[in-house]
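Notes follow once the structure below has been shown.
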Amino acid sequence: MQTDVFRTGRGGQSYQRILFRENRDGGLGKTEQRAAVRLYGLDGVRERGGDCDVTAEVVDGVWKRRGAAVSSSPCESPERINMLKSELALMTEKNAELKKQARELSTKLQLAEQGVDQAQKQFLTLGMQHKAGPFGTVKGLRTNPMIISDESVNPTLSKILEKIAVRKELIVALANSNVHEMLKFWVDNIKRVGVPNYLVVALDKETERFCKSNDVPVYRRPPDQNVDSIGKTGGNHAVSGLKFNILREFLQLGYSILLSDIDIVCLQNPFDHLFRDSDVESMSDGHNNMTAYGYNDVFDEPSMGWARYAHTMRIWVYNSGFFFIRPTLPAIELLDRVAYRLSHEPKSWDQAVFNEELFFPSHPGYEGLHAAKRTMDIYQFMNSKVLFKTVRKDARLRKLKPVVVHANYHPDKLQRMKAVVEFYVDQKQNALETFPDGSDW
């Protein structure tokens, strides 16, 4: 049956026919008819089908079959329509929730299968299988997909990051009350180069108050006895080790983080110089191309005679005080591995553990981390050994302006950080000259 809703013409002699909907089960129900007329300001409905041609009209608020009363009840109130609209909204919301649950179950399935079949894990992560192309054209997939964000992990932090992050990226630094002077200098340089997306994770109330009084975006974690005890009294290395626990929530919320220690001077916007093609993109402790990017180190053992030379691959460690990490499964696994070892190996150093988990391959009794990594350009993301031992003594290299300088090789950090600003920002050419290459113990 077909149902029409119509508006009568002048004098009721004709009507404007508007097709409302096709209903194979017998046309519109009476409630739907009345709702249609009420919503569209029409005068009635006509149902046609088979041998019937029945018209119903509204006369003084009462539905009438042509020539006969159909109903003596007045039109239904708008509450019925509002109720139907509310039910539709609830069903739409429920449908969205079910879709989210389906995605989460799919992710859990992938994780479950990872431990069973490494080849299948790669297939699930990287997508469809491909045929190999001609010689010289084949490139492996280097970038792992990002995880599905989960705002329920930390709703408070999620709201803060929504306001601060740019393209889901931001700089994060940890600080306690022991380093307020250096923290202020770090912030001043971040602001000077115009980086808006940065956040300080305050490890104590004093630092939270300090940040708020200096208009610095700050986040104070919920109380945690293990973290708080280190955060309040811990030294530089102890505080540095906390970041692997804390950063996990940021990644779970779907944000890429440029982790920065506060002994770093920012001279350009670092987000303009990232590749974003790896799980981890890190500054190096290497002081030249060989040590930073790797080299073939030949070990000589004369007693072996003909086989006296053994080739080894060497690379200086990544600096765990400045690295960009994307929200991927391997990246989160890295944080979990490092955090677990630091909590179970009290004498371990976070930077050593960070590099061991990144670089050690799978071998009997150990499954290596399948994470993509990139070494940052050592003349853009410069450690203080590169600056004070090499760059300041080379006329050509002195002309280069790094993105950041990390005072990681020297204990007189703040003095050297101030000299870096004097040299690169204030153009004071002798600002670096008074410092030794290394440090006076």
Original post:
Does K401 make a cation-pi contact with Y424, if we ask for NZ or CZ under 6.0 Å from the ring centre and within 45° of the axis?
Top reply: no
**OP:** Heavy atoms only: give me the nearest V353-L342 pair and the separation to one decimal.
**Re:** CG2-CD2, 4.2 Å
**OP:** Let me know which of T291, N383, I378 forms a side chain to side chain contact (heavy atoms under 4.5 Å, CB included) with W316.
**Re:** T291
**OP:** Report yes or no: does S284 contribute a side-chain atom to a donor-acceptor pair with the main-chain N or O of T375 at less than 3.5 Å?
**Re:** no
Subject >> R341 bridged to E357 by N-O distance under 4.0 Å >> reply: yes
Original post:
Got a donor-acceptor contact below 3.5 angstrom from the D272 side chain to the Q268 backbone?
Top reply: no
Subject >> Note: R276-E169 ion pair, threshold 4.0 Å (strictly below) >> reply: yes
Subject >> Check ion pair K418-E422 (N to O, under 4.0 angstrom) >> reply: no
Subject >> Residues E281, R326: salt bridge by 4.0 Å N-O rule >> reply: no
Subject >> Ring centroid separation H406 to F322 under 6.0 Å >> reply: no
Subject >> Check: F388 ring centroid to F435 ring centroid under 6.0 Å >> reply: yes
**OP:** May I ask you to decide whether D279 forms a salt bridge with K373, counting only side-chain N to carboxylate O separations under 4.0 Å?
**Re:** no
**OP:** Run the salt-bridge test on D394 and R398 with the 4.0 Å N-O cut-off and return the result as yes or no.
**Re:** no
Original post:
Is the cationic atom of K243 (NZ for Lys, CZ for Arg) positioned less than 6.0 Å from the six-membered ring centroid of F354 and within 45 degrees of its normal?
Top reply: no
Subject >> Given L199, N154, L259, the one that forms side chain to side chain contact (heavy atoms under 4.5 Å, CB included) with F250 >> reply: L199
**OP:** Could you tell me whether D263 and K413 have a side-chain N and a carboxylate O separated by less than 4.0 Å?
**Re:** yes
Subject >> Rounded distance (nearest 0.5 Å) linking atom CG of N178 with atom CG of D204 >> reply: 8.0 Å
Original post:
Looking at F275 versus F324, is the centre-to-centre ring distance below 6.0 Å?
Top reply: no
Original post:
Just one of R416, K393, K389 clears the salt bridge (Lys or Arg N to Asp or Glu O under 4.0 Å) bar with D437, so which one?
Top reply: K393
Subject >> Side-chain heavy-atom pair E208, K212 within 4.5 angstrom cut-off >> reply: yes
**OP:** Show your working on salt bridge (Lys or Arg N to Asp or Glu O under 4.0 Å) between E433 and R392 and close with a plain yes or no.
**Re:** CA-CA 8 Å; E433 305 306 321; R392 67 170 176 169; 5.1 Å; no
